[in-house]
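Comments concern the structure below.
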Protein chains: 2
Amino acid sequence: MTRQAHYEELARQLSAVGVVKREIARMLPYDCPGGSAGVLTLLDRHGEMRMSRLAELLAVDTSVTSRHVAHVAERGWIERLPDPADKRSRILRLTPAGRDKLAELHRRSTRLLADRLSHWSDDEVGELVRLMGRLRESFDDCRAGPRPPRTPPQAAAPVPPDTGTDITTPRTPAKRT
Amino acid sequence: MTRQAHYEELARQLSAVGVVKREIARMLPYDCPGGSAGVLTLLDRHGEMRMSRLAELLAVDTSVTSRHVAHVAERGWIERLPDPADKRSRILRLTPAGRDKLAELHRRSTRLLADRLSHWSDDEVGELVRLMGRLRESFDDCRAGPRPPRTPPQAAAPVPPDTGTDITTPRTPAKRT
DNA sequence: TATTGTTATACTCTATAACTATA
DNA sequence: TATAGTTATAGAGTATAACAATA
């Protein structure tokens, strides 16, 4: 199989995983669509942060982020606190209700995946996760110009609050030609 | 890392590959959005077929398939021929113009992936393709009830025209709870 | 002037339901 | 009655552009 054939096959598979994403979307609670789930997940992983930092992690425009954030804030799953260092900015923080919702999301997604991937080995699941993460990184690296080399592996420590003051990403991901 | 943690990470990565899909979508020709590209690709791979068979391969509802097919037919990239065996049905077939468009799609996607994945090894690309294909299969297998065991590996022969008379899939993928 | 975040608008993809033509 | 395909409508996700408030 040539490299070219692999690329075409990869493009096809990327299109075809849509069916998996849709099935996950259907399993979500009625009041928590995918965009909301993404916001909650990232705030849980990275700690409180500003809108702009969240938009960078979601890899979508700030206008999209603003809508998703408004949705979860209306339901009390996050707080939007004033940033003492910059009155334009708002600090986003998960609430206890948000953590409850997140726990529900984890229960649901784990149940679905455990059912569908029951015949997979641990190694295969781990390898898929690793390669998909690397795929995303390979695309991310090209969005914001050259970046510092990957941080060396560290003990998984709680991520310190990130106010996102080091953002160099262009405001919008890109534009279709 | 526990199995549960792997599942949560996989759910996260599935959400995050959206950025890759969007970048591919932006690279598409202006008159050929992702849905059209999917139609052309599948007709090229599997040969001429009916709407219902294409909907099954795309893993979307027939109404969605109908719209994508109308789009590519309006541009002359496929023909919709009457089915002599069933006047309700239509046979879809790629035209020479459709093959030209497909060649353009391949040039574009290959250029993008070659740029982004230049530092990947052939083995890694192949492994990602394999695991994503398996992921999709693991979900597909649960959509249409139990299926015959996986066809044993065969020499990659041209797929014969498929009129899709063996369809047992429910009309619509599923519904959100 | 530049930046942060919000809102209005438009486009793509998808599902549901109602409909027609035919089996 | 059941099936193949089409169309109308609605919802989710996204990008672009214009805007208000602040730096």
Side-chain angles (χ1 to χ4, degrees), chain A residues 15 18-19 21-26 28 30-39 49-56 58-71 73 80 82-92 163-165 167-177, chain B residues 15 18-19 21-26 28 30-39 49-56 58-71 73-74 80-92 163-165 167-177:
Chain A
S15 164
V19 65
K21 291 193 67 175
R22 290 195 294 278
E23 195 150 345
I24 290 179
R26 278 191 293 268
L28 293 173
Y30 204 82
D31 56 353
C32 185
S36 299
V39 169
M49 67 183 78
R50 309 199 306 177
M51 291 287 310
S52 51
R53 170 64 172 152
L54 180 59
E56 187 190 18
L58 288 171
V60 297
D61 190 81
T62 57
S63 64
V64 177
T65 306
S66 185
R67 287 187 51 162
H68 291 329
V69 163
H71 183 95
R80 287 188 278 196
D83 182 348
D86 185 340
K87 286 183 184 168
R88 295 172 302 181
S89 181
R90 308 173 84 167
I91 304 292
L92 310 177
T163 54
T165 50
I167 293 169
T168 56
T169 315
R171 180 184 176 90
T172 286
K175 174 181 177 180
R176 181 161 159 196
T177 54
Chain B
S15 163
V19 65
K21 292 192 66 175
R22 290 196 294 280
E23 196 150 345
I24 289 179
R26 278 192 293 269
L28 293 173
Y30 203 82
D31 57 353
C32 185
S36 300
V39 170
M49 67 183 76
R50 309 199 306 178
M51 292 288 310
S52 51
R53 170 65 173 153
L54 180 58
E56 187 190 19
L58 287 171
V60 296
D61 189 81
T62 58
S63 64
V64 176
T65 305
S66 186
R67 286 188 52 161
H68 291 330
V69 163
H71 183 93
E74 283 162 11
R80 287 188 278 196
L81 309 169
D83 181 348
D86 185 340
K87 286 183 183 169
R88 297 171 301 179
S89 180
R90 308 173 82 168
I91 305 292
L92 310 176
T163 53
T165 50
I167 294 170
T168 57
T169 315
R171 180 186 177 88
T172 286
K175 176 181 179 180
R176 181 161 160 195
T177 54

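In the text below, chain A, chain B and the rest are named by the order of the sequence lines, each starting its count at 1. Because the structure is predicted, anything quoted here is derived from the model rather than measured.
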- Query: Is there a donor-acceptor pair under 3.5 Å between the side chain of B:His71 and the backbone N or O of B:Asp31?
  - Reply: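 Indeed, once roles are kept as given, a pair shorter than 3.5 Å links the two residues.
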I'd like to know if the side chain of B:Arg80 and the backbone of B:Val69 have a donor-acceptor N/O pair within less than 3.5 Å.
no
| request: Please step through side chain to side chain contact (heavy atoms under 4.5 Å, CB included) for the pair A:Thr65 and A:Val39, ending with a clear verdict. | output: CA-CA 8 Å; A:Thr65 306; A:Val39 169; 5.7 Å; no
Polar pair under 3.5 Å, donor/acceptor by atom type, side chain A:Ser63, base D:dT14: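 Check fails, no donor-acceptor contact within cut-off.
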| query | Has the side chain of B:Arg22 got a donor or acceptor atom sitting under 3.5 Å from an opposite partner on the base of D:dT14? | reply | no
Counting heavy atoms from C-beta on, name the nucleotide in [options] closest to the side chain of [X].
{"X": "A:Pro33", "options": "C:dA15, C:dT22, D:dA12", "value": "D:dA12"}
{"X": "A:Met51", "options": "C:dT14, C:dG5, D:dT6", "value": "C:dG5"}
{"X": "B:Lys87", "options": "C:dA23, C:dT9, C:dA15", "value": "C:dA23"}
{"X": "A:His68", "options": "C:dT14, D:dT14, D:dT22", "value": "D:dT14"}
{"X": "B:Arg88", "options": "D:dA12, C:dA23, D:dA15", "value": "C:dA23"}
{"X": "B:Arg26", "options": "D:dA15, D:dT9, C:dT22", "value": "D:dA15"}
{"X": "B:Ser52", "options": "C:dT4, D:dA15, D:dG5", "value": "D:dG5"}

[atom1] of [X] versus [atom2] of [N]: gap in Å, rounded?
{"X": "A:Arg80", "N": "C:dG5", "atom1": "CZ", "atom2": "C1'", "result": "10 Å"}
{"X": "A:Lys21", "N": "C:dA15", "atom1": "NZ", "atom2": "P", "result": "14 Å"}
{"X": "A:Leu54", "N": "D:dT14", "atom1": "CG", "atom2": "C1'", "result": "15 Å"}
{"X": "A:Asp83", "N": "D:dA23", "atom1": "CG", "atom2": "C1'", "result": "12 Å"}
{"X": "B:Leu58", "N": "C:dA15", "atom1": "CG", "atom2": "P", "result": "11 Å"}
{"X": "B:Asp61", "N": "D:dA4", "atom1": "CG", "atom2": "C1'", "result": "12 Å"}
{"X": "B:Tyr30", "N": "D:dT16", "atom1": "OH", "atom2": "P", "result": "11 Å"}
{"X": "B:Glu56", "N": "D:dA4", "atom1": "CD", "atom2": "P", "result": "11 Å"}

*N or O in side chain of A:Arg50 less than 4.0 angstrom from C:dT3 OP1/OP2*: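 Result: no.
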Quick check: on DNA chain D, is the nucleotide nearest B:Ala70 upstream (toward 5') of the one nearest A:Val64, or the reverse? Name the residue that is more 5'.
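In this pair, the answer is B:Ala70.
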Sorted by position of nearest nucleotide on DNA chain D, 5' first, the leading residue of B:Arg67 and A:Arg67 is B:Arg67
Assert: residue with more 5' nearest nucleotide on DNA chain C, out of B:Ser36 and A:Ser66, is A:Ser66
inquiry  = Need to verify one output field. Residue with the more 5' nearest nucleotide on DNA chain C, A:Ser89 or A:Gly18?
reply    =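 Checking each residue's closest nucleotide, the 5'-ward one belongs to A:Ser89.
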- [ ] Work out how much the helix from C:dT1-D:dA23 to C:dA23-D:dT1 bends between its end axes, five pairs an end, to the nearest 10 degrees.
- [x]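 Comparing the first five pairs with the last five, the axes sit 10° apart.
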Note to self: Heavy atoms only, 4.0 Å cut-off, all strands: where does B:Arg90 land among base, sugar-phosphate and nothing?
What the structure shows: sugar-phosphate
For this session: Taking the side chain as every heavy atom from C-beta outward, state whether B:Arg22 and A:Val60 have any atom pair closer than 4.5 Å.
Result: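 The answer is yes, as the side chains (C-beta and beyond) meet within the 4.5 Å cut-off.
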Note to self: Restricting to non-hydrogen atoms, name the atom on A:Cys32 and the atom on A:Ala37 that form the minimum distance, rounded to 0.1 Å.
What the structure shows: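 That closest heavy-atom pairing would be SG-N, 3.9 Å.
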Residues B:Ser89 and B:Arg50: closest non-hydrogen pair is OG-CD, 2.8 Å
CZ of B:Arg90 to CG of B:Asp83, rounded to nearest 0.5 Å, is 11.5 Å
### Task
Taking salt bridge (Lys or Arg N to Asp or Glu O under 4.0 Å) as the test, write out the residues that go with B:Arg88, two or more places apart.
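Expected list: B:Asp86.
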